[in-house]
Amino acid sequence: MLELPQRSFRAGAILIALAVCTSACSSTRTPQAANGTRHAWTQAHVLRIGDIADPDTLNEYLSGMDLVDQIGSLIFSTLVTADPQGRLTGDLAEVVPSVSNGGISSDGKTIVYHLRPRVRWQDGFPLTSRDVKFSWSEVMNPDNPVEHREGYDQVESIDTPSDTTVVVHLKRRDPPFVTQFFTSIQEGPKGILPRHLLAKFPNLNHLPYNAAPIGSGPFKVARWERGQRVILTRNSAYFRGFPKLQTIDFDIYPNSSTLVTEMQTHAVDLIVDADFAHYPEYTQIPEAKVLVGPSNVLSILAINDKKHGLNDVNVRRAIAMSIDYDSVIRKLVHGLGDRARDIVPPGALGYTANDPYRYDPAAANALLDRMGWKRGIDGVRARGGTRLDFDFSGVIGQGTSRSLGILLQQDLRVIGVRLSIKDYVNTILFAPDGPLWKGTYDLAAYGDWLPVDPDNHFYLACDQFTPRGMNNHFFCDPKVDALEQAGLSTNDPAARASIYHRAELLIHDDVAYIPLYLWRRVYVANADLRDFQPTRTIVPWYEIWKTDI
C-alpha cells in the first residue's frame with residue numbers, strides 16, 4: 001500500500017528509458033559538470049535517497065511499508081521481477097515459468113523454477129532450492145504477521161529435487177501464481193530468506209536479524225540508525241554483477257517540505273515518488289531533473305463499507321458523484337494523474353474502460369433525498385439515528401494528504417456529508433494494528449498498487465476481511481465473489497478477460513471504493529546519476545546494480 005504522498009526520485013543525465021516518459025514529462029535543463037566530471041556536491045559511488053517514512057523493520061515479511069519494500073529489494077533477491085516495461089523476467093529464476101516453456105503443467109497445478117547456479121548469501125553460504133521452500137514456510141507460518149499470502153496459500157507442497165530446482169505443487173489451478181510467488185512487482189513483495197540462519201527459530205518476530213538481515217541482493221546492511229538513516233554497502237559477490245555503487249544511504253526527513261530543501265542544497269541525490277504538492281518546486285531546481293512516467297498506482301478513496309451510513313450503497317454512490325475529480329487532479333497533483341476507469345492497470349487482462357464516476361452533486365443530493373437521508377439543522381444528513389458524519393484519515397507531514405482532505409471536505413459538505421480530518425503518523429496509519437487494517441477508519445486515501453493479474457479476490461472477497469486477508473474495505477458481494485472464483489478456474493486469457501470484465505462492472509456499480517486517479521510517477525534526481533532504470537511496479541528501480549553516481 002502506497003502512502004498517498006510518497007517519496008520522490010529524479011534522474012539527471014541518467015539512462016532512463018525515455019520510452020517511459022509521457023507527454024507530461026517535464027524537466028529543467030540540467031547543467032553538466034565540466035569535462036564529464038561529477039559536480040562538487042556529488043559523492044562518488046554514494047547514492048543518498050531521501051524519504052519521509054521511517055522503516056519499522058528491515059524484514060519486509062513483517063512490514064507493509066513501501067520504504068521497507070524498496071530497501072528490501074536491494075538486500076534480497078526474488079524469483080521473478082519486472083523490467084521497465086512491466087514485463088516479467090527472472091531474478092533468481094533463470095526464466096519465468098510458463099505453459100509454453102514447460103514451467104507450468106497443462107493442468108496449471110505444477111510450477112517449476114530453475115534457479116541460477118552458484119548464488120551465495122551475503123555471508124558466503126550457498127543459496128539453494130531449500131531456501132525457497134523454507135521462505136514459503138515462513139510466509140505461511142501463522143505466527144508471522146505477514147500481510148500478503150495470496151498465491152502462497154495455494155501451495156500444497158514444494159519439492160527440491162536439486163539445489164537449483166524448485167517444484168511447486170498447487171492445490172488447484174491458480175493463474176496469478178507466478179505474478180505473486182516471491183516477486184517484486186506489486187503489493188507484498190518478498191525476497192528469499194536464508195534457511196541456514198533462520199530455520200532454528202519458531203517465527204521471525206523479535207529477531208536481531210530483522211534489523212540487520214542477510215540477503216542475496218546487490219547491497220547489504222552496514223547499519224541502521226533508527227529514525228535517521230539506513231546505510232547499505234556493496235555486495236561484491238552479487239550473482240548478477242559487481243554493483244557500481246559502493247553505498248546507498250536512505251536518509252529519513254520529517255516532512256516533504258524538508259525533502260525539497262535537501263534536494264535544493266544537494267544533500268539528497270534521489271527522491272522516489274515525489275510528493276505531488278511540491279512538483280512545481282522540484283521543476284525549478286536547475287541541478288536536477290524531474291521525470292514523469294507511468295505507474296501501476298491507483299489513488300483511491302478507501303471506504304469502510306461496514307460503517308453505519310457507508311454500508312448503504314446509495315450513500316457510497318452519492319459520495320462518488322460529489323467529488324470534483326478534475327479539480328482534485330489539477331489542484332492536488334498538478335495534472336499528473338489520469339481519470340481511473342478500472343481497478344486493474346490499463347492493458348491488463350480484462351481491463352474495462354468504464355465511464356469514470358461523474359461529478360454531479362445535484363444528482364447526489366437527489367439520490368440521498370429519495371433514500372430518506374434528511375438534512376438536519378446543521379446541514380448534515382441523517383436517517384434512523386445514523387448521521388453522515390465521518391472521519392477522513394490522513395498522514396501527518398504529507399501535504400497532498402492534507403490538501404485532499406480539505407478538497408473532499410468541501411465537496412461532501414455540498415451533499416450534506418460532514419468530513420473531519422484525522423491525521424496519523426505514517427507508521428501508525430499503515431501499521432498491521434492501525435486503523436486501516438483494524439477497520440476503525442471511515443474514509444482514507446492512499447495509493448494502491450494494482451495487481452498485474454486481474455484477480456482481486458484477496459482485496460474484495462467476502463472471506464478476505466482483514467486481518468485474514470487484504471479486504472480492508474469490508475466490501476462483500478457474492479456475485480463478485482463467484483466471478484472472481486470463476487476467473488481462477490481457467491488459464492484461457494479470453495475466457496478470463498470476459499469474466500473479469502463482468503466482475504469489474506459490478507465492483508464499479510457497487511462503489512466498493514472510489515478510484516480518484518491513476519498516478520503518473522514522479523522522480524527527482526541529481527544530474528550525476530547514471531544508468532538508472534525506473535519501473536512502473538512497486539519496486540521503483542530495475543537492475544540497480546548497474547546504477548552509479
Side-chain angles (χ1 to χ4, degrees), residues 1-2 4 20 22-24 85-86 176 179 185-187 276 292-303 305 313 316-361 363-364 367 404 407-408 411 443 445-460 471 473 475 477 479-480 483-484 487 493-494 496-522 536-538:
M1 175 179 298
L2 203 63
L4 180 62
V20 171
T22 69
S23 60
Q85 287 71 47
T179 70
I185 58 179
Q186 56 200 31
E187 292 280 1
F276 292 119
V292 179
S295 79
N296 289 344
V297 180
L298 182 64
S299 178
I300 73 169
L301 180 64
I303 303 174
D305 294 1
V313 66
R316 300 198 299 271
R317 288 170 180 162
I319 290 174
M321 287 189 288
S322 74
I323 299 171
D324 187 347
Y325 300 93
D326 291 337
S327 180
V328 167
I329 293 172
R330 183 178 67 255
K331 295 178 180 179
L332 194 70
V333 298
H334 302 280
L336 301 176
D338 300 302
R339 287 300 311 273
R341 295 177 175 272
D342 203 352
I343 59 170
V344 298
L349 189 70
Y351 174 78
T352 302
N354 296 303
D355 290 334
Y357 294 122
R358 73 185 192 276
Y359 173 51
D360 193 343
L367 174 61
L404 177 60
L407 289 174
L408 293 174
D411 286 346
L443 300 170
Y446 51 82
D448 201 5
W449 285 99
L450 298 176
V452 174
D453 188 275
D455 170 47
N456 270 285
H457 174 267
F458 57 95
Y459 278 134
L460 295 173
N471 185 352
H473 311 289
F475 170 80
D477 183 337
K479 297 187 296 295
V480 171
L483 288 168
E484 291 284 340
R496 297 189 77 217
S498 175
I499 291 167
Y500 288 112
H501 170 74
R502 292 154 56 200
E504 288 148 26
L505 288 174
L506 286 174
I507 294 165
H508 183 269
D509 187 55
D510 284 345
V511 195
Y513 53 84
I514 299 175
L516 296 174
Y517 53 85
L518 195 63
W519 285 38
R520 297 178 195 166
R521 202 167 201 169
V522 179
R536 63 185 66 200
T537 62
I538 195 167

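Here, residue 1 is the first one in the sequence, and each next residue gets the next number. None of these values were measured; they are calculated from a predicted model.
- The distance from atom CD1 of Ile303 to atom CG of Leu443, rounded to the nearest 0.5 Å, is 6.0 Å.
- Counting only distance, with no hydrogens or angles, the side chain of Ser295 and the backbone of Trp519 share a donor-acceptor pair below 3.5 Å.
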Identify every side-chain donor-acceptor pair in residues 334-348 under 3.5 Å, counting partners at least two apart or on other chains, and give the distances.
unit_1	atom_1	unit_2	atom_2	d
His334	NE2	Phe276	O	3.3
Asp338	OD1	Arg520	NH2	2.6
Asp338	OD2	Arg520	NE	3.2
Arg339	NH2	Tyr357	O	2.9
Arg341	NH1	Asn354	O	3.0
Asp342	OD2	Thr352	N	2.6

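- Taking both residues in full, the closest heavy atoms of Leu460 and Tyr513 are given as CD2-CE2, 3.9 Å, listed atom of the first, atom of the second, then distance.
- Counting heavy atoms from C-beta outward, Gln186 and Asn296 have side chains that stay 4.5 Å or more apart.
- The CZ atom of Arg316 lies 12.0 Å from the CG atom of Leu301; values are rounded to the nearest 0.5 Å.
- Under the salt bridge (Lys or Arg N to Asp or Glu O under 4.0 Å) criterion, Lys479 pairs with Asp477, sequence neighbours left out.
- Residues satisfying the side-chain hydrogen bond (donor to acceptor under 3.5 Å, both in side chains) test with Ser322, not counting sequence neighbours, are none.
- Atom-to-atom distance recorded for Leu404:CG and Asp411:CG is 9.5 Å, nearest 0.5 angstrom.
- Of all the heavy atoms in Leu407 and Lys331, the pair that sits closest is CD2-CD, 4.0 Å.
- How far CD1 of Ile514 is from CE of Met321: 10.5 Å, rounded to the nearest 0.5 Å.
- The structure places OH of Tyr325 at 11.0 Å from OH of Tyr359, a figure rounded to the nearest 0.5 Å.
- Here the closest non-hydrogen pair linking Ile329 and Leu516 is CD1-O, 4.4 Å.
- Nearest heavy atom pair, residue Asn456 against residue Pro451, reads OD1-CG, 4.0 Å.
- By the side-chain hydrogen bond (donor to acceptor under 3.5 Å, both in side chains) test, Asp324 pairs with no residue at all, sequence neighbours left out.
- With sequence neighbours left out, the side chain to side chain contact (heavy atoms under 4.5 Å, CB included) criterion links Ala318 to Ala364, Leu367, Leu368, Ile415.
- With sequence neighbours left out, Asp453 forms a salt bridge (Lys or Arg N to Asp or Glu O under 4.0 Å) with Arg496.
- The shortest non-hydrogen separation linking Gly487 to Ile499 is N-CG2, 3.7 Å.
- Listed by chain and number, the residues in a side-chain hydrogen bond (donor to acceptor under 3.5 Å, both in side chains) with Arg358 are Asp360 (sequence neighbours excluded).
- Using modelled atom types, one side-chain atom of Asn471 and one backbone atom of Phe475 make a donor-acceptor pair closer than 3.5 Å.
- Looking at Glu484, its side chain never comes within 3.5 Å of a backbone N or O of Ala503 through a donor-acceptor pair.
- In this structure, CG in Asp509 is found 14.0 Å from CD in Glu504, a value given to the nearest 0.5 Å.
- Partners of Tyr500 according to the ring pair (Phe, Tyr, Trp, His ring centres under 6.0 Å) rule, which considers only residues two or more places apart in sequence or in another chain, do not exist here.
- Here Arg502 pairs with nothing under the side-chain hydrogen bond (donor to acceptor under 3.5 Å, both in side chains) rule; sequence neighbours left out.
- Residues passing the salt bridge (Lys or Arg N to Asp or Glu O under 4.0 Å) test with Asp510, sequence neighbours excluded: none.
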